[in-house]
Amino acid sequence: IERYVTQAEVGDESLVSGIKFGVLVASDGPVKDLVTSKTYTVLNASTTESDLIARQVFHASTIIRNKRE
């Protein structure tokens with residue numbers, strides 16, 4: 001893989017050989033004792049939250065095997 005681009009920048013989808021993805025997960029309800037302000041960045045997007053919700057960012061990348069040509 002030479003470089004990663006956004007889906008909007010992909011011209012020919014048959015040239016895609018891998019993907020990078022990110023997920024921001026959050027608890028169902030308040031779990032923290034103290035309100036804190038924290039910025040979360042998932043790929044190229046950021047968000048700042050100030051509440052009692054627990055959050056975690058996960059990133060991964062994978063190659064596409066058995067790609068049809």
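Throughout, residue positions are numbered sequentially from 1 according to the sequence presented. Here the structure is a predicted model, which is why all the values come from computation and not from measurement.
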Pairs involving residues 17-30, ordered by first then second residue, that meet salt bridge (Lys or Arg N to Asp or Glu O under 4.0 Å) (sequence neighbours left out): none
Side chain to side chain, L52 and V35, heavy atoms closer than 4.5 Å: yes
Residues which pass side chain to side chain donor-acceptor pair (under 3.5 Å) with T36, listed by chain and number, not counting sequence neighbours: K32
Connected via hydrophobic side-chain network under 4.5 Å: I64 and Y4: no
Side chain to side chain donor-acceptor pair (under 3.5 Å) against D12, all qualifying residues, sequence neighbours excluded: S14
Partner set under side chain to side chain contact (heavy atoms under 4.5 Å, CB included) for Q7, not counting sequence neighbours: none
Cluster overlap I19 with V23, hydrophobic side-chain contacts below 4.5 Å: no
Under 3.5 Å, sequence neighbours excluded: what are the donor-acceptor pairs made by side chains of residues 37-45?
unit_1 : atom_1 : unit_2 : atom_2 : d
S37    : OG     : S50    : OG     : 3.2
T39    : OG1    : T48    : OG1    : 2.8
T41    : OG1    : S46    : OG     : 2.9

Cluster link V25 to V31, ILVMFWY, side chain under 4.5 Å: no
Salt bridge (Lys or Arg N to Asp or Glu O under 4.0 Å) partners of residues 45-62, not counting sequence neighbours, each pair once: E49-R55, D51-R55
